[in-house]
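Below is one structure, written out as structure tokens, with a few remarks after it.
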Protein chains: 2
Amino acid sequence: MGSRSHRSVTAQDVAKLAGVSRASVSRVFGNQGNVARETHEKIVKAANELGYQVNFLAQGLNRKRSQLIGVVVARLSDPFRSSLLEGLLNEIQHKGYQALVTEVRGAEELETTMRRFTQFRVSGVIVTSGQPPAELVKECVQHGIPVVGINRHMDIPDVDFVCSDNKMAALLVAEQLMRCGCHSIGWLNYQQSTWSGINRGDMFRQAMTEKGLLGDCDFQHIIAEADGYEGGRQAAHRFCAEGKKLDGIFCANAQLACGFLDGMRENGLDAPTDFHIIGFDNTPQTAQYSYRLTTIHQDVTETAKRVLSCLEARSHDPRIVQRMEKIPVKLVLRNTSPGQNE
Amino acid sequence: MGSRSHRSVTAQDVAKLAGVSRASVSRVFGNQGNVARETHEKIVKAANELGYQVNFLAQGLNRKRSQLIGVVVARLSDPFRSSLLEGLLNEIQHKGYQALVTEVRGAEELETTMRRFTQFRVSGVIVTSGQPPAELVKECVQHGIPVVGINRHMDIPDVDFVCSDNKMAALLVAEQLMRCGCHSIGWLNYQQSTWSGINRGDMFRQAMTEKGLLGDCDFQHIIAEADGYEGGRQAAHRFCAEGKKLDGIFCANAQLACGFLDGMRENGLDAPTDFHIIGFDNTPQTAQYSYRLTTIHQDVTETAKRVLSCLEARSHDPRIVQRMEKIPVKLVLRNTSPGQNE
DNA sequence: TTGAAAGCGCTACCAT
DNA sequence: ATGGTAGCGCTTTCAA
């Protein structure tokens, strides 16, 4: 590693040492093939000797595309969100990209964020939070940058979507509650829920109808005034204070579910003795002894795979038809609504 | 926004429309000052008209430095780790950088990761997991890239470190347990713990000694054979199976603590009636009704701030003396070892 | 204060 | 298969 001064080693240096042109060096490190075995070896040897590393900035500038992928996230403190990010990072790196991660709060932030992504000539944008403005997406498309959304409303043209199969989840839950003989059923969601939560609720009501359950069942919508664990907990307290009762409760996410369960416990009620409760997300916490929550499992790994597949497909040909992928979910039976499989 | 074809708008285009040279355009968007008010306005106007955006790749290539900051993470499924990342993202974006996030498993991965960071000419590297090989760090330093480690062993020259004040934590915990009249005290940690966990244990023992507690106290080291929640839970089971007893237990992290507590509960023992238990990290979960865990709070926000301050300082002058910052911690008193403040 | 011009390090086209 | 060369879009002296 004969690095004498400050200047970094360039392809030119390698070319000189190997006695070839810098074009050949570029071919070797740009994976373009078309290099004689012998030349290839000489170049690699020289590169190692000098400690040569491709300058991705220069490469991207030329190719008009970096090996960066922009990821829009929010509220990583939610365990499901961070495990989703984990899955995405995994797949992104696996495919040879690097993740440019930005946390976004408001809609304006999403805008500047996506703009920055384009300024880095990212190879793709993954949106896990917020709704990308159609205009911005258009900008991306013009730059040939594919955009894919995860678990959100699929109403933007030219954007692919990957979403957990909420209908399937709803059916699984409806069947489970029915099997357990529940008659009064509730749906718990945050008042200002994301599209994802709302959709899960819609699908649940729909599933109940299809199963012919809405007739002989009581169906209630429990609205949490705050989000997350505390929201769920407060909802339970209010629920009890109002003297309500329910057999089975399905929750829009794991945080709400854990909170609601704890809230009920504070009121002397517990699952599965007093009611059944089923969550969404299957975060690690739901598996713990204090909760043992029956929950819908979202397949993060599969989601991430599909997302990257969408990205690569559209990157190959930007004008392909919009993809909307549903990822199958599983019902994980645990203590709060027990069944055969455990 | 007169975008006619595919080619993206360049500084050249803006210059032409504004009737100035591209040098001036560069000055405006590179924040170099030295541009007449009038010219400045003309340029901004033209840029808006054309929808001009600086190409960060080209900019970085020239400046030999991108506005990217590399962040090395691992196991984001651990709530503390994801909240730390959240804090870092916040601060990184706040300071006008973009985060290049990479999840790392083994030591080799850290190596290729850091290499990739340098290939993007990042403005800094933040290591939250793994120990950067001295050689690689040297490479970064040669490129003028500052490196800072969070909560890890401070044994690498030219790298700054930011670490929660484990000694302070240990003293707070020792005092609390003493105040509660604990006589047999335990320290729970994962067998193959990170440096952070080991250091916390060392500091705890040291604090106990300094307080003169090791004399009249029984001090045990409980070793968890697995990591995380399950590790803690299993440790509790083994602990009980071996018929051991302890008054007060301090845990290397929140996951272990919650697991241990649940494991004890499965054995019919609970805090604070049968023992006191104090965790580390103050993750959201520890605050929940099912745990109400007394815990050491790490100040993620302050940590992130200091990290970026280190980065910027060393970026300004790479040869400044190594910084090792201790971030003060707080003891959050909750149910598992109650006190005055709650 | 502004403009001209020389690169930054790499890719890709065109010859050979 | 290889080399020459013209950029990619921007920054930064150096002169004016």
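Naming: A, B, ... by sequence-line order, numbering from 1 per chain.
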Quick check for you: among [options], whose closest atom lies nearest to any side-chain atom of [X]?
X	options	answer
B:T39	D:dG3, D:dG9, C:dT2	C:dT2
B:S24	C:dT2, D:dC10, D:dT12	C:dT2
B:R27	C:dC13, C:dC10, D:dT13	D:dT13
A:S26	C:dT11, D:dC10, C:dT1	C:dT11
A:A23	D:dA1, C:dT2, D:dG4	D:dG4
B:R22	C:dC10, C:dC13, D:dC10	D:dC10

Specify the residues of residues 62-70 of chain B, ordered by number, for which at least one heavy atom lies under 4.0 angstrom from an atom of DNA chain C.
->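 The answer is B:N62, B:K64.
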
Could you tell me how far apart [X] ([atom1]) and [N] ([atom2]) are, to the nearest whole angstrom?
X	N	atom1	atom2	answer
B:F120	C:dC8	CZ	P	21 Å
A:L61	C:dC10	CG	P	12 Å
A:R37	D:dA1	CZ	P	13 Å
B:H143	C:dC8	NE2	P	16 Å
B:E38	C:dT2	CD	C1'	13 Å
A:Q12	C:dC10	CD	P	10 Å
A:Q59	D:dG7	CD	P	21 Å
A:R121	D:dG9	CZ	C1'	9 Å

So which heavy atom on A:S66 is nearest to which on A:V122, and how close?
->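 Closest approach of A:S66 to A:V122: OG-CA, 3.6 Å.
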
Please report the shortest heavy-atom distance between A:L308 and A:Y97, naming the atom on each side.
->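 Taking every non-hydrogen atom into account, CD2-CD1, 4.1 Å.
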
So that I can tick it off, tell me whether [Y] and [X] are bridged by a salt bridge, with the cut-off set at under 4.0 angstrom between side-chain N and carboxylate O.
X	Y	value
B:D160	B:R314	yes
B:E38	B:K42	no
B:R306	B:E302	yes

Check whether any side-chain nitrogen or oxygen of B:T10 sits under 4.0 Å from OP1 or OP2 of D:dG9, and answer yes or no.
->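 No, outside the criterion.
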
Phosphate oxygens OP1/OP2 of D:dA1: is one of them under 4.0 Å from a side-chain N or O of A:N34?
->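 Result: yes.
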
Quick one: does A:T303's side chain have a donor or acceptor within less than 3.5 Å of a partner on A:D299's backbone?
->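 Yes; at least one donor-acceptor contact below 3.5 Å.
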
Using 30° and 60° as the class limits, which term best fits the ring planes of A:F120 and B:F56: parallel, tilted or perpendicular?
->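 Geometry flag for B:F56 against A:F120: tilted rings.
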
Quick one: bend of the helix from C:dT1-D:dA16 to C:dT16-D:dA1 from 5 pairs per end, to 10°?
->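 Inter-axis angle at the termini of the helix from C:dT1-D:dA16 to C:dT16-D:dA1: 30°.
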
Judged by modelled atom types alone, do B:R323 and B:S309 share a side-chain donor-acceptor pair under 3.5 Å?
->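 Yes.
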
Distance, nearest 0.5 Å, that separates NZ of B:K305 from CD of B:E91 =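 Going from NZ on B:K305 over to CD on B:E91, the span is 6.0 Å.
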
Given that A:G60 and B:G19 both sit by DNA chain C, which one's nearest nucleotide is further toward the 5' end?
->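 Here B:G19 is the residue nearer the 5' end.
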
Tell me what A:V25 touches on the nucleic acid: a base, only sugar-phosphate, or nothing, going by heavy atoms under 4.0 Å.
->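 No contact at all - A:V25 keeps every heavy atom at 4.0 Å or more from the nucleic acid.
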
Using a 4.0 Å heavy-atom cut-off across all strands, classify A:Y52 as base, sugar-phosphate, or nothing.
->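 Touches sugar-phosphate only.
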
Salt bridge (Lys or Arg N to Asp or Glu O under 4.0 Å): which pairs involve residues 101-110 of chain B, sequence neighbours left out?
->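 Every pair satisfying salt bridge (Lys or Arg N to Asp or Glu O under 4.0 Å) with a residue in residues 101-110 of chain B: there are none.
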
